[in-house]
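The shown structure was predicted, so the numbers you read here are calculated from the model rather than taken from an experiment. Proteins get letters first, then strands, A, B, ... in listed order; numbering begins at 1 in each.
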Amino acid sequence: MALVVYNDLTRKKEEFIPSKQGKVSFYVCGPTVYDYFHIGNARPFVLFDVFRRYLESSGYDVLYVQNFTDIDDKMIKRANEMQLTVAELAEQFIAAYYEDADALGVKRANIYPRATHEIDEIINFVKILIEKGHAYTIEGDVYFEVSTFQEYGKLSKQSLDDLQSGARIDIDKRKKNPLDFVLWKASKPGEPLWESPWGKGRPGWHIECSAMSTKYLGDSIDIHGGGSDLIFPHHENEIAQSECASGKQFVKYWLHNAYLMIDKEKMSKSLGNFMTVRDIRKKYNPLILRYFLLSAHYRSPINFSAEGLDQAQKALERIDNCYGDLNFALETRKTGAKDQILTDAIKSADVGVTATMNDDFNTAGALGNIFDAVRAINVHLSKHTDVDVSALQDAKEFLNKVNDIFGFIQRNKDNNENEIDELIKERNLARKTSNFARSDEIRDLLLSRGIIIEDTPQGTRWKKQI
RNA sequence: GGCGGCAUAGCCAAGCGGCUAAGGCAGUGGAUUGCAAAUCCUCCAUCCCCCGUUCGAAUCGGGGUGCCGCCUCCA
């Protein structure tokens with residue numbers, strides 16, 4: 001069964017067929033690095049990370065590129081506020097991005113291009129657009145002329161007329177059309193600048209993605225992802241620039257995620273109703289947020305709440321517990337009779353995850369399959385003293401495979417294991433002599449350090465709190 | 001005004017024409033445990049409203065109601 005994705009360009013589900021067999025070029029719009037990113041921004045980072053991992057686990061060789069926008073009005077404004085140079089500001093928040101994204105289990109991209117490192121590419125791209133008659137200059141600015149691109153509006157499904165009548169932007173009389181957008185911006189005093197054929201200035205926002213994706217992925221790419229709010233104007237403009245420059249189709253599959261909402265409103269910087277991933281990390285294991293973001297389909301809005309995170313935590317604990325119990329059983333129990341029921345359940349969950357993910361990356365549906373496997377494993381462990389080691393190994397392999405895609409299972413061990421083991425030994429001695437006061441004291445002590453004790457017929461085991 | 005999305009149990013959330021409407025959280029009653037924790041078993045919805053299409057609809061069409069988004073920087 002083949003992978004099918006919803007393509008925003010055609011507004012239909014389509015079979016996914018990359019332009020080069022076995023290879024996928026994948027570009028995702030990254031952050032503007034003027035601040036810590038918030039949990040709404042985290043949604044595409046996590047989602048597209050999972051899509052990429054799924055493609056890899058399906059056997060594709062994926063080249064994954066995510067940019068950093070490190071020069072624009074917001075960067076300049078913020079740098080002034082913080083009394084930093086724009087470059088210093090960028091360094092600081094790129095470092096912060098890596099910390100937060102790593103914490104969320106987001107695999108590093110193959111390439112992280114930065115606008116300020118690709119100025120030559122960008123200037124060259126603008127030159128081509130001018131040469132081909134798609135752009136014009138005014139007093140050191142360069143604008144893209146939207147009326148020169150017949151298909152302008154094909155992604156957002158808006159005609160030029162519709163867009164103009166609905167436009168809320170200030171009309172710049174110098175522009176030929178209010179929708180013409182800036183490719184190169186003349187610098188004002190005190191702003192960072194680069195030399196160009198049109199004078200000192202800096203790149204506009206949209207052009208960087210076209211220039212960088214072309215440089216690293218070629219004229220045509222398979223998947224371009226981002227949040228829905230980028231459809232217009234950002235992605236529409238990228239299409240116009242790239243297709244006018246190359247004469248080829250820019251992107252085969254456009255994928256956009258719906259927003260993260262809070263109190264039924266879109267979470268956004270401008271509304272001020274945001275919470276950064278940094279904030280979340282102070283209170284929760286970030287993998288809980290990762291699970292939460294994967295618990296709804298990517299094209300549906302997801303409403304953020306503390307209750308939602310708590311539910312996600314419990315659900316994730318169930319998976320983690322199962323994984324831990326499974327491993328404990330493999331270490332401590334003997335081989336018993338074959339359990340066809342478990343074998344079948346794992347097989348069916350495995351097939352189910354693939355079928356569900358193949359349907360437009362239905363992560364929420366796949367979770368159902370994963371929990372079916374979890375239950376089957378738990379049932380087996382609770383019903384048998386001697387376990388079906390072979391079936392359990394298959395089950396473990398299944399969970400590992402799932403985790404390669406979803407990446408939310410906790411597998412860490414503690415570095416003070418010896419001390420923990422000593423305390424557990426002492427506690428078990430106390431239990432043998434019915435000294436339950438001491439035994440409970442030790443349990444509480446460990447709990448205060450985030451270690452949870454569980455007594456089983458095979459002995460006492462421990463785990464870290466999520 | 002243009003374009004688009006959503007409405008499934010107390011909460012979250014799959015399902016996209018046909019078995020008893022996945023799964024998770026919470027809750028119920030049991031089992032297990034020194035007590036716990038984890039786990040198992042049990043119970044817990046007919047899908048916003050109306051009208052259609054169909055042998056058959058949560059799923060399709062039409063009309064409502066409610067909520068949300070993009071059209072400006074925004075993931």
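Atom CE of Met261(A) and atom P of rG66(B) are 18 Å apart (whole Å). At whole-Å resolution of the value, CG in Asn378(A) and C1' in rA37(B) are 14 Å apart. When rounded to the nearest whole Å, the span between CD of Glu441(A) and C1' of rG34(B) equals 17 Å. Residue Ile452(A) contributes atom CD1, which lies 21 Å from atom P of rU33(B) at whole-angstrom precision. Atom CG in Leu230(A) sits about 10 Å away from atom P in rC71(B), given to the nearest Å.
Here the nucleotide nearest the side chain of Leu163(A), chosen from rG34(B), rG69(B), rC71(B), is rC71(B). Checking rC25(B), rA13(B), rG34(B) against every side-chain atom of Ala364(A), the shortest atom distance belongs to rA13(B). Nearest nucleotide to the Phe232(A) side chain, out of rU72(B), rA75(B), rC11(B): rU72(B). You'll find that the side chain of Ser382(A) is closest to rC40(B), out of rA38(B), rC40(B), rC3(B). In this structure, the nucleotide among rC68(B), rA75(B), rC40(B) sitting nearest to the side chain of Arg375(A) is rC40(B). Taking every side-chain heavy atom of Tyr259(A) into account, rC70(B) is the closest of rC70(B), rC68(B), rU39(B). Between rA75(B), rG34(B), rA38(B), one nucleotide has an atom nearer to the side chain of Arg443(A) than all others, and that is rG34(B). The side chain of Asp455(A) has rC35(B) as its nearest neighbour among rA14(B), rG2(B), rC35(B). Here the nucleotide nearest the side chain of Asp229(A), chosen from rC12(B), rA75(B), rC40(B), is rA75(B). Of the listed nucleotides (rA75(B), rC35(B), rC67(B)), rA75(B) has the atom at the smallest distance from the side chain of Leu260(A).
Ile453(A) comes within contact range of at least one nucleobase, with a heavy-atom separation under 4.0 Å. Heavy atoms of His256(A) sit nowhere under 4.0 angstrom from any nucleic acid atom. Using a 4.0 Å heavy-atom distance criterion, Asn303(A) is classed as making no nucleic acid contact. Arg427(A) comes within 4.0 angstrom of a base, heavy atoms only. Counting non-hydrogen atoms under 4.0 angstrom, Glu307(A) reaches the backbone sugars and phosphates but no base. Note on Lys74(A): only backbone sugar-phosphate atoms sit closer than 4.0 angstrom, heavy atoms only; bases stay farther off. Within 4.0 Å (heavy atoms only), Pro31(A) reaches no atom of the nucleic acid at all. Heavy atoms of Ser439(A) sit under 4.0 angstrom from at least one base atom. Contacts of Asp73(A) with the nucleic acid, taken as non-hydrogen atoms under 4.0 Å apart, are absent. Nucleic acid contact class of Ile231(A) (heavy atoms, under 4.0 Å, all strands): none. Base engagement by Ser270(A) is indicated by at least one non-hydrogen atom pair under 4.0 Å involving a base atom. Heavy atoms of Ser156(A) sit under 4.0 angstrom from primed sugar atoms or phosphate atoms, though from no base atom. Residue contacts shown for Asp72(A) are absent, as no nucleic acid heavy atom lies under 4.0 Å away. Contacts of Asn257(A) with the nucleic acid, taken as non-hydrogen atoms under 4.0 Å apart, include base atoms.
Here the two rings, on Tyr97(A) and Phe68(A), have centers that are under 6.0 Å apart. Between Tyr216(A) and Tyr64(A), the distance separating the two ring centers is not shorter than 6.0 angstrom.
Going from the C1' atom of rG17(B) to that of rG52(B) covers 16 Å, rounded to whole Å. Across rA31(B) and rA37(B), the matching P atoms stand 15 Å from one another, rounded to whole Å. Atom name P, nucleotides rG10(B) and rC48(B): the rounded distance is 13 Å, in whole Å. Across the C1' atoms, rA45(B) and rA7(B) are found 15 Å apart, a figure rounded to whole Å.
Checking side-chain atoms of Arg333(A) against main-chain N and O of Val387(A) turns up no donor-acceptor pair under 3.5 Å. Of the possible donor and acceptor atoms, one in the side chain of Asn177(A) sits under 3.5 Å from a partner among the backbone N and O of Leu179(A).
With a cut-off of 3.5 Å on both Watson-Crick or G-U wobble distances, the partner of rC35(B) is given as none. Base pairing annotation: rC6(B) forms a Watson-Crick or G-U wobble pair with rG66(B), both donor-acceptor distances under 3.5 Å. Base pairing of rG52(B): its partner is rC60(B), meeting the Watson-Crick or G-U wobble criterion (both donor-acceptor distances under 3.5 Å). Of the nucleotides present, rG30(B) is the one that pairs with rC40(B) by Watson-Crick or G-U wobble criteria, both distances under 3.5 Å.
Taken from OG in Ser382(A) to CD1 in Ile377(A), the straight-line distance is 12.0 Å, to the nearest 0.5 Å.
Salt bridge Asp320(A)/Lys463(A): absent, no basic N to carboxylate O contact under 4.0 Å.
For the pair Arg52(A) and Phe26(A), the NZ or CZ position fails the cation-pi test of under 6.0 Å to the six-membered ring centre and within 45 degrees of the ring normal.
By the criterion of a centre-to-centre distance under 5.5 Å and near-parallel planes under 30°, the ring of Phe436(A) forms a stack with the base of rG34(B).
Annotation for Leu271(A): atom CG counts as buried by contact number, over 12 foreign heavy atoms lying within 6.0 Å.
Each of Gly308(A) and Arg299(A) was matched to the nucleotide of RNA chain B holding its nearest heavy atom; the match closer to the 5' end belongs to Arg299(A).
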